[in-house]
Number of protein chains: 4
Amino acid sequence: MQKVCLVIGAGAGIGGTVGKRFATAGYHAVLCRRSDEEGLLRQVAEIEAAGGSATGRLLNAVEEGSIENCVAEVEADIGPIEVVLYNLGAQIGNRSLQETSYKNFELGWRLGTFGLFRTASVLCPRMEERGKGVILVTSATSAMRGNAGQHSHAAAMGGRRMLCQSLNAQFASSGIHVAHILIDGAVDAPDTLGKLLGAEQFQALREQRGGENDGLMLPEEIAQTYFHVAQQHRSAWTHELDLRAYSDLAWWNH
Amino acid sequence: MQKVCLVIGAGAGIGGTVGKRFATAGYHAVLCRRSDEEGLLRQVAEIEAAGGSATGRLLNAVEEGSIENCVAEVEADIGPIEVVLYNLGAQIGNRSLQETSYKNFELGWRLGTFGLFRTASVLCPRMEERGKGVILVTSATSAMRGNAGQHSHAAAMGGRRMLCQSLNAQFASSGIHVAHILIDGAVDAPDTLGKLLGAEQFQALREQRGGENDGLMLPEEIAQTYFHVAQQHRSAWTHELDLRAYSDLAWWNH
Amino acid sequence: MQKVCLVIGAGAGIGGTVGKRFATAGYHAVLCRRSDEEGLLRQVAEIEAAGGSATGRLLNAVEEGSIENCVAEVEADIGPIEVVLYNLGAQIGNRSLQETSYKNFELGWRLGTFGLFRTASVLCPRMEERGKGVILVTSATSAMRGNAGQHSHAAAMGGRRMLCQSLNAQFASSGIHVAHILIDGAVDAPDTLGKLLGAEQFQALREQRGGENDGLMLPEEIAQTYFHVAQQHRSAWTHELDLRAYSDLAWWNH
Amino acid sequence: MQKVCLVIGAGAGIGGTVGKRFATAGYHAVLCRRSDEEGLLRQVAEIEAAGGSATGRLLNAVEEGSIENCVAEVEADIGPIEVVLYNLGAQIGNRSLQETSYKNFELGWRLGTFGLFRTASVLCPRMEERGKGVILVTSATSAMRGNAGQHSHAAAMGGRRMLCQSLNAQFASSGIHVAHILIDGAVDAPDTLGKLLGAEQFQALREQRGGENDGLMLPEEIAQTYFHVAQQHRSAWTHELDLRAYSDLAWWNH
């Protein structure tokens with residue numbers, strides 16, 4: 001059976017690109033995203049055109065049982081999940097406390113924290129039994145410090161980071177490698193940053209900092225490090241690392 | 001009108017004792033706890049016997065609207081809340097991932113993170129209008145690092161800490177002092193540690209480390225620092241501090 | 001014998017003011033500074049005029065044996081040092097790597113890190129024997145993150161912070177309270193910020209942010225917290241806390 | 001001209017092995033260590049036998065001008081240093097404050113902090129002019145928290161970490177990639193851990209945790225991550241990451 005890399009949150013930025021990177025190395029990539037079936041099919045087709053294998057799934061991660069069923073079905077139908085990338089974001093842009101509804105705050109937690117807990121709850125026992133597994137978690141600056149306007153996002157990501165540490169503490173010695181990967185900068189990704197900024201602003205940002213300036217983080221390059229971490233020998237595992245463009249200040253410098 | 005100190009989570013440990021400390025200084029203490037009406041009445045009676053003034057309220061913080069109504073009623077009936085202490089814990093003891101149900105994990109978040117968000121959502125606009133206010137938040141070691149068995153607690157407290165930072169970032173310049181107080185050790189408190197350990201183990205711990213050994217944190221002494229922080233002049237505010245017994249190692253040392 | 005509060009680095013900002021605060025509470029304040037004998041005598045006179053007792057000493061802390069002799073003489077002539085405030089700064093303003101000479105870098109370490117090590121080396125055994133003592137250490141944002149232009153300062157303060165933690169780890173259980181106090185903002189202090197900015201810029205800053213705006217940290221208010229920390233009961237000690245003006249962003253927010 | 005990887009602190013553990021890893025990829029490795037010329041020659045011979053190219057140099061890093069001359073000579077005689085690994089340790093084993101002499105403390109700083117400053121001072125202007133360069137810095141748990149017995153080591157490593165951050169803040173946008181790599185565990189390295197423990201204890205540790213248990217960190221595997229970091233595209237650089245064996249707890253968990 002082929003080893004599987006499951007991507008929860010496989011947009012056209014980090015998620016999809018990491019899936020593609022693993023597919024290149026012989027993994028079967030299972031790409032899950034909430035919407036845009038067309039985009040999803042295109043991603044699968046691209047991987048297959050390059051000689052890899054992939055499956056696309058629409059997945060509404062906040063729906064009860066959705067992640068749990070997905071994991072069970074993938075393991076039954078395709079093969080054991082060796083690597084999972086939890087890549088769901090919870091960024092809703094800068095909003096003051098008054099502009100942050102209870103519903104938004106709860107949704108932030110459901111996507112940012114609880115979804116990872118659910119994923120781990122169903123996958124860790126399976127991985128533990130197999131004595132190996134990799135859980136890659138994309139994280140954000142807000143996991144390290146709360147800014148004004150980030151009430152929902154910071155709370156969700158702060159919880160996510162601590163959850164990664166507790167998962168690592170329980171499961172590393174059983175062979176499960178949990179990595180908390182801090183994306184500390186703007187990613188050149190139309191599905192996330194693009195939607196957040198709107199088409200026009202995103203284009204302007206790309207012209208100013210993107211292209212040969214390398215001032216936007218390139219998903220292809222980010223994916224190299226995700227892949228490297230997943231391949232680390234168990235005598236030298238990374239639990240936490242940051243990533244940012246050379247031209248950006250680190251979060252602690254601004 | 002008397003200035004009010006509202007305590008959400010006023011058990012016989014930190015919460016009730018901090019309420020009493022503020023009452024000693026002339027605040028009207030509003031003590032809220034989920035159960036044990038008898039204990040609550042006793043706390044109020046003690047404060048009154050010492051010449052202070054206090055009100056007790058039973059409050060189920062996870063119930064919809066409970067905190068919101070409490071704040072509205074206290075402000076309408078008693079006076080403006082100058083200090084709020086958010087003291088609800090989310091510790092459920094060490095449990096492996098498999099032993100941590102979705103319900104427990106969600107409850108941890110409701111008590112540990114969302115309740116503070118709700119409190120801030122209703123109180124910050126009021127405090128902002130008055131140009132002053134103090135939000136004291138009791139926190140735990142799990143806000144700083146996740147241990148095995150602390151999946152729910154660490155996620156809840158990690159979220160709480162980041163929320164404190166984002167609240168501080170938005171509201172400090174409007175005169176609202178948010179303080180994240182890290183309780184990094186065992187508190188000599190029958191309502192929390194006592195219940196967690198059970199009567200017998202708690203008594204044994206008290207005999208071994210408590211009393212004149214001062215190896216358990218004394219709520220009366222903790223309360224002195226809470227009070228000090230709330231009185232700091234706005235040119236020199238503390239946002240985060242830790243507290244532990246002299247005989248304990250700091251969380252980063254073990 | 002009177003209990004002694006020794007201040008190493010007693011300029012007209014935090015150092016001298018903390019000394020005065022302890023003198024008000026009955027300590028004999030020993031104020032040490034490198035230069036400005038006149039200013040030193042004035043500080044002593046002020047304390048005495050207010051009914052307190054104090055001694056002034058000129059002390060070149062980088063000179064071999066200077067701190068060691070000072071401690072020995074104070075203990076022999078005046079009394080046991082119950083509280084020491086290590087308040088020597090190592091800020092030399094923003095300088096690029098190329099503008100930071102080896103000599104500057106080494107001086108930063110001598111003042112920022114090594115001086116504290118020397119102080120602890122001679123005082124901790126004495127305090128340990130007495131079963132009590134307080135070591136207050138003024139620290140700076142640069143202990144938490146290195147910015148461009150802070151090569152010397154950040155290295156010195158980063159070392160200082162870790163040294164505080166190792167001292168605390170060894171000596172807390174012997175009754176020595178070590179506190180690392182992060183001054184995260186501009187202090188209204190002519191001897192440090194004033195000299196760094198020059199008279200004109202300092203006056204402009206004071207007009208813009210000082211006075212009733214409370215946007216500069218007031219030494220008198222800072223001193224209240226130093227004093228509180230030194231009086232904490234050993235069942236509830238603070239090892240680290242931050243201080244900043246309400247109108248300032250925390251270091252992690254900018 | 002061949003691109004050069006300079007290793008300062010090239011013992012038979014991380015340093016030498018990283019040098020070998022870069023040599024495999026076509027770099028000329030310059031291995032510098034204080035003593036054991038025989039060992040050094042053997043390392044060079046091994047690299048050459050594998051088809052790589054290398055130079056060995058004896059270097060007493062604390063000696064005035066030693067690092068500076070080394071850099072100048074290597075650049076003049078061999079080629080531009082594209083990657084430098086600063087790998088000098090400052091661990092002297094657990095010693096109480098009383099057992100830590102001023103001389104030891106200063107030596108810790110000279111090796112742990114000042115040597116990196118000197119290296120950066122001579123290399124950064126050269127790298128800046130070339131618009132690229134990589135500075136890899138091996139670091140230790142003591143950079144993150146001070147334990148009892150680690151007074152010298154923690155102060156040195158805390159300073160080193162903050163210096164890495166300030167170097168990164170000044171030079172990243174000029175194309176210099178600074179990485180602070182936290183080795184959070186015991187490395188299977190005879191020249192460092194072996195000497196610290198003594199032959200017998202080291203052998204016992206190896207038998208208990210080493211070999212197929214992978215409980216000691218293997219230099220060959222560590223080197224893979226060092227190499228990966230040095231190859232990261234400038235749109236996605238890592239500044240800080242940790243490494244530990246799967247069977248070890250992270251520093252924050254014990």
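Just so it is clear: chains get the letters A, B, ... in the order the sequence lines come, proteins before strands, and each one is counted from 1. Everything numeric here is computed off the predicted structure, so don't read it as measured data.
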Rounding to 0.5 Å, atoms NE2 (A/H228) and CD (D/Q231) come to a distance of 11.0 Å
Closest heavy-atom pair, D/L218 versus A/S235, reported as atoms and distance to 0.1 Å, is N-OG, 3.3 Å
Given A/L249, A/I222, A/L241, the one with more heavy-atom pairs under 4.5 angstrom with chain D than any other is A/L241
Judged by atom type as modelled, is there a donor-acceptor pair below 3.5 Å linking the side chain of A/T238 to the main-chain atoms of D/L243?
no
Look at the aromatic rings of D/H239 and A/W252 and report parallel, tilted or perpendicular, splitting at 30° and 60°.
tilted
Residue selection (most heavy-atom pairs with chain D, distance under 4.5 Å) from A/A250, A/A172, A/G175
A/A172
Among D/Q224, D/H177, D/M217, D/Q165, which has the most heavy-atom pairs under 4.5 Å with chain A?
D/Q165
So A/E240 and D/E240, do their side chains get closer than 4.5 Å, heavy atoms only?
no
Other residues, nucleotides and ligands only: do more than 12 of their heavy atoms fall within 6.0 Å of CD on D/E129?
no
Given a strict heavy-atom distance threshold of 4.5 Å, which part of D/D184 is in contact with chain A: side chain, backbone, both, or neither?
neither
Taking side chain as everything from C-beta outward and backbone as N, CA, C, O, which of these in D/D242 sits under 4.5 Å from a heavy atom of chain A? Side chain, backbone, both or neither.
both
Looking at D/E46, I want to see if its CD is surrounded by more than 12 non-hydrogen atoms of other residues, nucleotides or ligands under 6.0 Å.
yes
Gap between atom NE2 of D/H233 and atom OH of A/Y246 - 0.5 Å precision:
9.0 Å
Any side-chain heavy-atom pair from D/E221 and A/R234 closer than 4.5 angstrom?
no
Which bit of D/L182 comes within less than 4.5 Å of chain A, counting heavy atoms only: side chain, backbone, both or neither?
neither
Considering only heavy atoms, which portion of A/L216 lies under 4.5 Å from any heavy atom of chain D: side chain, backbone, both, or neither?
backbone
